[in-house]
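Whatever order the structure lists ligands and atoms in, that order sets their numbers, starting from 1. When reading the values below, keep in mind they use all heavy atoms of this one structure, side chains included, and skip hydrogens, waters and symmetry mates. One-based numbering along the sequence shown.
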Amino acid sequence: MRFAILSDIHGNLEALQAVIQHIEHESVDEIICLGDIVGYGPNPNECIELIREKATIILAGNHDYAPIGKIDTSYFNNYAKIAIEWTGDVLKPESKNFLSKLPLFEQHAGIFLVHATPHQPGEWKYIFSLDDAIEQFLSFEGQICFIGHSHSPVIFIEGKNYNYHLSYENKLHVRNDERLIINVGSVGQPRDMNPNSAYAIFDTETQGYCLNRIEYDIVKTQKKMKAADLPGFLIARLQVGQ
Ligand code: ZN
C-alpha cells in the first residue's frame with residue numbers, strides 16, 4: 001500500500017488544494033489525515049469538505065475538538081483562542097457534527113496513526129525531543145507511528161540517540177529492525193522555517209518514506225485571513241513558516 005499522510009491543515013484551503021493536486025500525481029492507494037483540519041485559517045468548512053472527499057482515514061486534532069466545545073480551551077494561547085472562537089462562529093452545523101465524531105487514533109495496515117501522542121492521545125502533549133519520544137514507543141504496537149501536532153517534520157528512531165529533521169524534500173528507507181515515530185509536518189501552517197506545505201508518502205512494500213514540500217499561494221490565504229479579521233501574528237507566520 002502506498003499512503004499519502006498529511007496533518008494540520010488548519011483551514012488553509014490554498015495549501016490543501018496544492019497538496020491534493022500533488023498527491024494526485026503520486027498514484028497513492030489512500031490519503032490519511034492526522035487531524036487539525038480547522039483552526040487558524042480562513043476556510044474551515046471548505047477544508048472539511050475537501051478532505052472528507054479525498055481521505056479514507058481522518059483523525060481528530062485538538063483544534064478540531066476546540067471550536068465545537070469538546071475540549072477545554074483555557075490552555076490555548078490568545079491567538080489560538082481568537083481563531084478557535086472565529087472558527088466556531090463560521091462552522092456549519094454539518095461541519096461541527098462531522099468534527100465531533102472524529103476518532104483520536106487508528107491502527108491501519110500495521111501502522112499506528114494519531115494526531116499528538118500514542119500514549120494518552122487526548123492529552124495533546126508534544127513530542128519535541130528524543131526524551132519525549134522514549135516513553136511513547138511503549139504505547140503503540142507495530143513498527144511505525146505517524147503523528148502531527150507540532151507542525152515540524154521529524155523522525156525519531158527507537159534506541160537511537162539522534163533524530164532526523166527532514167525540513168526539505170527528503171527520503172528515508174525504513175529498515176525492518178527499526179521502530180519509528182514520524183511527524184509528517186503541517187499542510188496549512190508549517191513551523192520549521194520552511195513556509196511550503198509538508199506532507200508524506202509512505203509505501204508499505206518498499207518501506208520508502210518521502211517528505212514532500214509544496215508551494216502554494218500564501219498571499220491569497222493571507223488576504224482572506226485579513227478580510228476575516230484574524231490576528232496579524234497568525235497571518236504573518238505563514239510567510240516565514242514559523
Ligand atoms: Zn495543529
Fill in: Ring centres under 6.0 angstrom apart (Tyr209, His173)
no
Response to the item:
Of all N, O or S atoms in Asp8, the one closest to the Zn ion (ligand 1) is OD1
Fill in: Sidechain N-carboxylate O distance under 4.0 Å for Lys160, Glu178
yes
Worksheet item: Do Phe3 and Phe202 have ring centroids that are under 6.0 Å from one another?
Response: no
Discussion item. Quick check on the Zn ion (ligand 1): does His151 put an N/O/S atom closer than 2.8 Å to it?
Written reply: yes
Worksheet item: For the ring pair Phe140 and His119, is the centre-to-centre distance below 6.0 Å?
Response: no
Practice prompt. Write the atom name of the N, O or S atom in Asp36 that is nearest the Zn ion (ligand 1).
Written response: OD2
Practice prompt. Check whether any N, O or S atom of His10, backbone or side chain, sits closer than 2.8 Å to the Zn ion (ligand 1).
Written response: yes
